[in-house]
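Report on the following structure.
In what follows, every heavy atom counts, from backbone to side chain, and hydrogens, waters and symmetry copies are set aside. Residue numbers count from 1 along this sequence.
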Amino acid sequence: MQRGGTAAALIGLLALAGCAGDGGTPVPAEGWFNQLQTQVFNQHCLNAGCHNSTNVAGGLNLSPGASYAALVGVEPDNVVARADGMLRVEAFAPDNSFLLTKVTMPGLGEGGRMPLSMAPLSSDDITLIRTWITEGAPPAVTGVPTATATPTGAPPTATATPLDTATPSETPTAPNTATPTATVTGSAPPTATSTHTPSQTPTASETPTPTATPTLSLYAQIQTQIFDVSCATLFCHDLQGASNNLVLTPDVSYGDLVNVDPTNPAALAAGMKRVVPNDTANSYLLLKLTGPLTIPLGSRMPLAQPTLPPEQIQLVVDWINSGATQ
């Protein structure tokens, strides 16, 4: 019995060893994080106005050399995710890593899906992120160059071929521009003199009376021209995204702005509010729309879109200076 039991145990150990040898995901030659930096961050996250060293959207810099320290073991800026105990990346715990949530499907109050205003990441990119976290979120492999988002290899320099500037042997003769004079024989036609008298004169009652267009309030203009078009878009400041706990949809935006504390720690520490009536200097909304911003204050809005035109910025200024009424 003892010998049989020993044999069975040995077979079991060999079976486990065989399973262990067959499992696991092969490590990329350049290392998990090096591939993640090249394949995902450089290609999709370092766009103008996003997670680069200049803008640092959401306090997150995903530039080479800075991204790892900004992710692993770091609390997110998002209030909802932080309240749920999530980290930007928690080693061995992909489901508790806010990075993975942000590139798949954020919940209510967790902001927009990333990359913002772009196509979702491919399934291969999502798998790469999940696998890296599941494997313990190992750091970058030193000594392996990390490719940037720019194409490798300098493009060939085109040599301009000079145009043939030789003077043609024959110069085209300018067309005859003389106006031919028609000679009419016979008697000239009589000159017609209009003696027609209109039979009816239009009366003034036929002219339509213009209808006055109602004038929208300053805030209604801001809502329709700015918030509805550039801010309350899918996964941003709409009801589902509620990025940074700010909803800018009609009937909600005013209550989320005026005399409300911002979620940004630096703006809050500076005593700012999202909108302070008659005080543009301490209205964080105006600061976010104009920029440039220092790193702790976040990125200029709307994110990854052109700056608002001067007339729209002035509309916000006028509204705040007039008391920020609804």
- [ ] With the side chain counted from C-beta on, respond yes when Val56 and Ser299 share a heavy-atom pair under 4.5 Å apart, and no when they do not.
- [x] no
Task: For Asp84, all residues meeting salt bridge (charged side-chain N to carboxylate O under 4.0 Å, His left out), sequence neighbours excluded - done: none
TODO: Report yes if some heavy atom in the side chain of Phe227 is under 4.5 Å from a heavy atom in the side chain of Ile222; otherwise report no.
DONE: yes
Task: Asn78 side chain to Val80 backbone, donor-acceptor under 3.5 Å - done: yes
Open item on the list: When you compare the side chain of Val275 with that of Trp319, does any pair of heavy atoms fall below 4.5 Å?
Closed with: yes
Task: Donor-acceptor side-chain pairing of Ser253 and Gln223 below 3.5 angstrom - done: yes
- [ ] Look up atom CD in Gln312 and atom OG1 in Thr307, then write down how far apart they are to the nearest 0.5 Å.
- [x] 11.5 Å
- [ ] Is it possible for you to say whether Phe98 and Val40 belong to one hydrophobic cluster, with membership spreading through side-chain heavy-atom contacts below 4.5 Å?
- [x] no
Open item on the list: Using a 6.0 Å cut-off, check whether atom CG of Asp251 has over 12 heavy atoms from anything other than its own residue.
Closed with: no
Task: Non-hydrogen atoms of Ala81 and Pro76 that approach each other most closely - done: CB-CG, 3.8 Å
- [ ] Identify whether Val252 and Ile226 are in the same connected component of the hydrophobic contact network (ILVMFWY, side-chain heavy atoms under 4.5 Å).
- [x] no
TODO: For Gln314, enumerate each residue passing the side chain to side chain donor-acceptor pair (under 3.5 Å) test, keeping only those at least two apart in sequence or located in another chain.
DONE: Asp318
Task: Mutual orientation of the aromatic rings belonging to Trp132 and Phe33 [parallel < 30°, tilted 30-60°, perpendicular > 60°] - done: tilted
TODO: Taking all heavy atoms of Pro262 and all of Met272, pick out the closest pair and write down the distance.
DONE: CD-O, 3.3 Å
Task: Steps toward side chain to side chain contact (heavy atoms under 4.5 Å, CB included) verdict (Lys273, Asn282) - done: CA-CA 6 Å; Lys273 292 187 180 295; Asn282 284 306; over 6 Å; no
- [ ] Look up atom CE in Met86 and atom CD in Glu75, then write down how far apart they are to the nearest 0.5 Å.
- [x] 12.0 Å
Open item on the list: Please determine whether side chain to side chain contact (heavy atoms under 4.5 Å, CB included) holds for the pair Thr131 and Trp32, giving the CA-CA distance in whole Å, both sets of side-chain angles, and the decisive distance to 0.1 Å.
Closed with: CA-CA 8 Å; Thr131 303; Trp32 288 116; 3.4 Å; yes
Task: side-chain contact (heavy atoms from CB on, under 4.5 Å) partners of Val79, counting only residues at least two apart - done: Arg82, Asn245, Thr263
TODO: Taking the side chain as every heavy atom from C-beta outward, state whether Val260 and Asp256 have any atom pair closer than 4.5 Å.
DONE: no
Open item on the list: Using every non-hydrogen atom in the two residues, find where Leu216 and Ala220 come nearest and quote the distance to one decimal.
Closed with: CB-CB, 4.0 Å
Open item on the list: Nearest 0.5 Å, please: how far is NE2 in His44 from NE2 in His51?
Closed with: 13.0 Å
Open item on the list: Check for me, please, whether Val317 and Val276 land in the same ILVMFWY cluster - side-chain distances under 4.5 Å, paths through other members count.
Closed with: no
Task: Minimum heavy-atom distance Leu108-Leu239, with the two atoms named - done: CD1-O, 2.7 Å
Task: Shortest non-hydrogen contact from Ala267 toward Leu297 - done: N-CD2, 3.6 Å
Task: side chain to side chain contact (heavy atoms under 4.5 Å, CB included) between Leu36 and Ile129, intermediate numbers included - done: CA-CA 7 Å; Leu36 179 61; Ile129 295 173; 3.5 Å; yes
Open item on the list: Just to verify, what does Thr104 make a side-chain contact (heavy atoms from CB on, under 4.5 Å) with, not counting sequence neighbours?
Closed with: Leu100, Ile126
TODO: Provide the closest heavy-atom pair for Arg88 versus Asp77 in the form atom of the first, atom of the second, distance.
DONE: NH2-OD1, 3.7 Å
Task: Arg130/Asp125 salt bridge by N-O under 4.0 Å criterion - done: no
Task: Heavy-atom side-chain contact between Thr101 and Glu110 under 4.5 Å - done: yes
- [ ] Under the side chain to side chain contact (heavy atoms under 4.5 Å, CB included) rule, what do Leu289 and Ile313 come out as? Steps first, then yes or no, please.
- [x] CA-CA 7 Å; Leu289 293 176; Ile313 298 293; 3.9 Å; yes
Open item on the list: Rounded to the nearest 0.5 Å, what separates atom OG in Ser123 from atom CG in Leu128?
Closed with: 11.5 Å
Task: Gap separating the CG atom of Asp279 from the OG atom of Ser283, nearest 0.5 angstrom - done: 5.5 Å
Which side-chain N or O atoms in residues 60-74 pair as donor and acceptor under 3.5 Å with protein atoms at least two apart or in another chain?
unit_1, atom_1, unit_2, atom_2, d
Asn61, OD1, Ser63, N, 3.0
Asn61, OD1, Ser63, OG, 2.8
Ser63, OG, Ser53, N, 3.4
Ser67, OG, Gln37, OE1, 2.5
Tyr68, OH, Ala137, O, 2.7

Task: Nearest-0.5 Å distance, CE of residue Met301 to CG of residue Leu248 - done: 10.5 Å
TODO: Check for a donor-acceptor pair, side chain of Asn34 on one end and backbone N or O of Val141 on the other, with a separation under 3.5 Å.
DONE: yes
Task: Hydrophobic cluster membership, Leu315 vs Tyr219, 4.5 Å side-chain cutoff - done: yes
TODO: Check whether any side-chain heavy atom of Ser322 sits under 4.5 Å from a side-chain heavy atom of Leu218, and report yes or no.
DONE: yes
Task: Listed partners of Gln35 passing side chain to side chain donor-acceptor pair (under 3.5 Å), at least two apart - done: Gln39
Task: Contact check, side chains of Ser97 and Leu87, non-hydrogen atoms, under 4.5 Å - done: no
Open item on the list: Could you tell me if the side chain of Asp238 sits less than 4.5 Å from the side chain of Val247, heavy atoms only?
Closed with: no
